[in-house]
Engineer: 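Below is one structure. I have some questions about it.
Quantities reported herein were computed from a predicted structural model and do not represent experimental measurements. As the structure lists them, so they are numbered: ligands from 1, and atoms in each ligand from 1. The first residue in the sequence is number 1, and the count goes up from there.
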Amino acid sequence: MTKRNNVLLITPPYHCGVVESAGRWPNLGFIYTAGELEKVGFDVEIYDAMSTFDSYDQIRSHIRSSAPDFVGVTAITATINDSIEVLKIAREELSEVTTFLGGVHPTFCYEEILSGSSGKWVDYCVLGEGELTAPELLDVHRTGGDVANVQGIAFVRDGKVMRSEPRAFISDLDTLSPAWHLVNWSDYPLYFIDNSTVAIVSSSRGCIHSCIFCSQHKFWQATYRQRDPDKFVAEIEHLAGTYGINVFFIADEYPTYSRERWERILDLLIKKKLGVHILLETCVPDILRDRDILHRYREAGILFIYVGVEATSDQKLKEFKKENRFDDSKEALKLIRESGMIVESSLILGTPNETTESIAETLELAFEYNSDFMHFLLLAPWPYADMYESLKPYIEITDYSKYNLVEPVIKPIDMTRDELMHEVLNCYKEYYMRKVPEWVNMKGNDLKRSCLIKGMKAIVENSFLKDHMKGLGDMPESVTALFKNLEDE
Ligand code: B12
């Protein structure tokens, strides 16, 4: 009988205090990969050290007591240093362990990882989707076959970095079996909804847009695959019924691409009356396209929509290769607000030609966008994004852990990075000083009002802004009083 091998999948303990200030989120890539590993006889554990906020010492003792044969870690660019550190600890604790690394960063930067000093902690990089590659790789490895025949990996052989043949994307996403039973659901509350448990689900993979600062259309190689809407909604129903999940975050870059499929999802959710809240990301053209059915979004349980408008000037939007423009973005955000949903959006600051004046202008126009939550993000130069080459001369910080959209790593021509950071913090202060009084006085939508106020509290208490608050100068007394009142709500 074949020995059952243990696989431990670990998220890196990286924190930069943005998205995670609103709640804790499971790692869907691991849930999917674990399901396929189980199918071929591996015993799998998911250890979400990021969400449990575990320290390196805790991670070390967890690895020691779990004593797996394989340790897999995930990495985006900001987390890569921590991901490598986790694999180093695994090797220190278990000299025989086989380590593998997956996610967007190693998919593109495997050469740098494997040929550098980190290479000695990483046996394999899994490139692209993990579900088919990981089980095959681990199986070939444990049975002593030649891993060079496993598509979609990179590794070092005879001192040289080798890359196997690329693996085609999974053609039917509905054949996958996410291992929901491995999730410790009590780890995943959302701070702005009482008694909530969050699941991340996926209805499609890929992105047909080509925004030059983003990684996702490159990761998915401009492909787009969608799941059967009935199976997707059945999954939500299963998670709600089996584990009591009441908040679903749709991980898709672009869930609304096909109106016909999206309408079917909405219809099913409305019909099934699951009483769940749904959070999702979409784009300006789809909101405008769906203006006649936005009330059905709300009826289906959609509470929160993120739209990355990214800039206020049409010139910059064109440079970013975004399809939205100022006027249509403003209209889309307004439509979402008027439909009773919460709209969150972001603006990217810190391009090389940014100035104090251009940021002031962006802030002024941000008020016209009037998103409920607005993020003033700093451009992060992913080394594989289309924009990278043009940004390279302006990159002052090469430590990837700062590539998190909140720390300045690019120095604009006419500003220092400190000045840039100061202006960004000022944007947050000005924006929310105007928004919070509006929320306090909001009438007629108790759920939205409560989410906004609790969301703001979470930002004040948990986000990266907390540490910077003192640098913002004193808030006017009226606003301080409002914040104080929020504490009592
Ligand atoms: C959910 C999510 C998170 C969760 C992660 C939860 C967790 N416990 O790990 C939270 C909300 C915490 C998060 C935080 C951040 N995130 Co995030 N996040 C996402 C999001 C929306 C969905 C990811 C997902 O589930 N995809 C679906 C699954 C199926 O795909 P996948 O994750 O790529 O995994 C597949 C493969 O990559 C591969 N794979 C991945 N890892 C591994 C590991 C192994 C061992 C193997 C074999 C395979 C494998 O196999 C998987 C299955 O095919 C993506 C955007 C998107 N739409 O993808 C951004 C995204 C990944 N996040 C991003 C960023 C920048 C961040 C933050 C820095 C943002 C911030 N400033 O707060 C932080 C960093 C973390 C932190 N703690 O601060 C960027 C990364 C950009 C980049 N190129 O580096 C993305 C792409 C968003 C974007 N468009 O820019 N994020």
Engineer: Identify whether the distance between the nearest side-chain nitrogen and carboxylate oxygen of Glu36 and Lys39 falls below 4.0 Å.
Structural biologist: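 Lys39 and Glu36: salt-bridged.
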Engineer: Which protein non-hydrogen atom lies closest to atom 26 (N) of ligand 1, naming both residue and atom, and how far is it?
Structural biologist: Ala251 CB, 4.2 Å
Engineer: Heavy-atom count around Asn195 CG within 6.0 Å, excluding the residue itself: above 12?
Structural biologist: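 Open: at most 12 neighbouring heavy atoms sit under 6.0 Å from CG of Asn195.
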Engineer: To which protein heavy atom is atom 29 (C) of ligand 1 closest, and what is the distance rounded to 0.1 Å?
Structural biologist: Arg205 NH2, 3.6 Å
Engineer: Counting distance only, does the side-chain N/O of Ser164 pair as donor-acceptor with the main-chain N or O of Ile153 below 3.5 Å?
Structural biologist: yes
Engineer: Is ligand 1 under 4.0 Å from a heavy atom in the side chain of Thr74, in the backbone, in both, or in neither?
Structural biologist: both
Engineer: Is at least one protein non-hydrogen atom found at under 4.0 angstrom from atom 47 (C) of ligand 1?
Structural biologist: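 Within 4.0 Å of atom 47 (C) of ligand 1, protein heavy atoms are found.
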Engineer: Does an N or O from Val73, backbone or side chain, lie closer than 3.5 Å to an N or O of ligand 1?
Structural biologist: no
Engineer: For atom 39 (N) of ligand 1, what's the nearest protein heavy atom and its distance?
Structural biologist: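 In this structure, atom 39 (N) of ligand 1 has Gly103 N, 3.6 Å as its nearest protein heavy atom.
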Engineer: Quick one: are the ring centres of Tyr243 and Trp180 less than 6.0 Å apart?
Structural biologist: no
Engineer: Please indicate, with yes or no, if any protein heavy atom is found under 4.0 Å from atom 18 (N) of ligand 1?
Structural biologist: no
Engineer: Just let me know how Ala75 lines up against ligand 1, side chain, backbone, both or neither, with a heavy-atom cut-off below 4.0 Å.
Structural biologist: neither
Engineer: For ligand 1, which part of Tyr400 has a heavy atom less than 4.0 Å away: the side chain, the backbone, both, or neither?
Structural biologist: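 For Tyr400, no heavy atom sits under 4.0 Å from ligand 1.
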Engineer: To check your reading of the model: name the closest protein heavy atom to atom 71 (N) of ligand 1, its residue, and the distance in Å.
Structural biologist: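 Atom 71 (N) of ligand 1 sits closest to the protein heavy atom Asn404 O, 2.8 Å.
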Engineer: Under 4.0 angstrom from ligand 1, any heavy atom of Gly128?
Structural biologist: yes
Engineer: Apply the test side-chain contact (heavy atoms from CB on, under 4.5 Å) to residues Lys88 and Lys120: give CA-CA distance (whole Å), side-chain angles for both, the deciding distance (0.1 Å), then the verdict.
Structural biologist: CA-CA 8 Å; Lys88 177 171 178 273; Lys120 63 174 180 272; over 6 Å; no
Engineer: Using a strict 4.0 Å cut-off to heavy atoms of Val126, name the atoms of ligand 1 that fall inside it.
Structural biologist: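 Counting atoms of ligand 1 from 1, those under 4.0 Å from Val126 are 47 (C).
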Engineer: Can Arg60 and Glu92 be counted as an ion pair, charged N to O under 4.0 angstrom?
Structural biologist: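 Here Arg60 pairs with Glu92 in a salt bridge, since their nearest N and O are under 4.0 Å apart.
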Engineer: Looking at Ser401 and Ala78, would you say the former's side chain and the latter's main chain have a donor-acceptor pair under 3.5 Å?
Structural biologist: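 Pair absent, no side-chain N/O of Ser401 close to backbone of Ala78.
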Engineer: Establish whether atom 44 (C) of ligand 1 and some protein heavy atom are separated by less than 4.0 angstrom.
Structural biologist: yes
Engineer: Please check whether Tyr32 reaches ligand 1 - meaning an N/O of the residue sits under 3.5 Å from an N/O of the ligand, judged on distance alone.
Structural biologist: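 No; every N/O pair is 3.5 Å or more apart.
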Engineer: Under a 4.0 Å heavy-atom limit, does Ser215 contact ligand 1 with its side chain, its backbone, both, or neither?
Structural biologist: side chain
Engineer: Is any heavy atom of the protein nearer than 4.0 Å to atom 76 (C) of ligand 1?
Structural biologist: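 It does; a protein heavy atom is within 4.0 Å.
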Engineer: With Ser203, which of Gln226, Lys231, Arg261 fulfils side-chain hydrogen bond (donor to acceptor under 3.5 Å, both in side chains)?
Structural biologist: Arg261
Engineer: Who's the nearest protein heavy-atom neighbour of atom 63 (C) of ligand 1, and how far?
Structural biologist: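 Scanning the protein heavy atoms, the shortest distance from atom 63 (C) of ligand 1 goes to Ile76 CD1, 3.9 Å.
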Engineer: Quick one: which ligand 1 atoms are inside 4.0 Å of a heavy atom on Phe100?
Structural biologist: 45 (C), 47 (C)
Engineer: When you measure from the side chain of Ser66 to the backbone N and O of Ile63, does any donor-acceptor pair fall under 3.5 Å?
Structural biologist: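 Absent.
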Engineer: Quick one: which of Ile250, Ile265, Thr282 gives a side-chain contact (heavy atoms from CB on, under 4.5 Å) with Thr256?
Structural biologist: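 Passing option: Thr282.
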Engineer: For atom 51 (C) of ligand 1, what is the closest protein heavy atom, and at what distance to 0.1 Å?
Structural biologist: Gly29 CA, 3.8 Å
Engineer: Considering both backbone and side-chain atoms of Asp252, is one of its nitrogen or oxygen atoms within less than 3.5 Å of a nitrogen or oxygen in ligand 1?
Structural biologist: no
Engineer: What atoms of ligand 1 come within less than 4.0 Å of a heavy atom belonging to Cys16?
Structural biologist: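 Atoms satisfying the 4.0 Å criterion: 70 (C), 71 (N), 72 (O), 78 (O).
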Engineer: Is there at least one protein heavy-atom neighbour under 4.0 Å from atom 8 (N) of ligand 1?
Structural biologist: yes
Engineer: Ligand 1 versus Trp382, non-hydrogen atoms closer than 4.0 Å: side chain, backbone, both, neither?
Structural biologist: side chain
Engineer: Taking non-hydrogen atoms only, is Tyr14 closer than 4.0 angstrom to ligand 1 via side chain, backbone, both or neither?
Structural biologist: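 Within the 4.0 Å criterion, Tyr14 contacts ligand 1 through backbone and side-chain atoms alike.
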Engineer: For ligand 1, which part of Thr133 has a heavy atom less than 4.0 Å away: the side chain, the backbone, both, or neither?
Structural biologist: neither
Engineer: Nearest protein heavy-atom contact for atom 84 (O) of ligand 1: which residue, which atom, what distance?
Structural biologist: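 Among all protein heavy atoms, the one nearest atom 84 (O) of ligand 1 is Thr77 N, 3.1 Å.
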Engineer: Can a protein heavy atom be found under 4.0 Å away from atom 54 (C) of ligand 1?
Structural biologist: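 It does not; no protein heavy atom is within 4.0 Å.
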Engineer: Give the atoms of ligand 1, by number and element, whose distance to some non-hydrogen atom of Ser51 is under 4.0 Å.
Structural biologist: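 Answer for ligand 1: 8 (N).
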Engineer: Does the protein place any heavy atom closer than 4.0 Å to atom 59 (C) of ligand 1?
Structural biologist: no
Engineer: Looking at ligand 1, does Val406 have a heavy atom less than 4.0 Å from it?
Structural biologist: no
Engineer: Between Glu129 and Arg167 (salt bridge meaning N to carboxylate O under 4.0 Å), is one present in this structure?
Structural biologist: no
Engineer: Could you tell me whether Asn27 approaches ligand 1 through its side chain, its backbone, both or neither, with non-hydrogen atoms closer than 4.0 Å?
Structural biologist: both
Engineer: Starting from atom 14 (C) of ligand 1, which protein heavy atom do you reach first, and at what distance in Å?
Structural biologist: Val19 CG2, 4.1 Å
Engineer: Is any NZ, NE, NH1 or NH2 atom of the basic residue among Arg205 and Glu131 found under 4.0 Å from an Asp or Glu carboxylate oxygen of the other?
Structural biologist: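 Yes.
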Engineer: State whether the number of non-hydrogen atoms from other residues, nucleotides or ligands found under 6.0 Å of Glu396 atom CD is greater than 12.
Structural biologist: yes
Engineer: Salt bridge or not between Asp252 and Arg227? Use side-chain N to carboxylate O under 4.0 Å.
Structural biologist: no
Engineer: Can you confirm whether some protein heavy atom lies under 4.0 Å from atom 91 (N) of ligand 1, or whether none does?
Structural biologist: no
Engineer: Quick check on Glu20 - does any of its heavy atoms sit under 4.0 Å from an atom of ligand 1?
Structural biologist: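 Under 4.0 Å: yes for Glu20.
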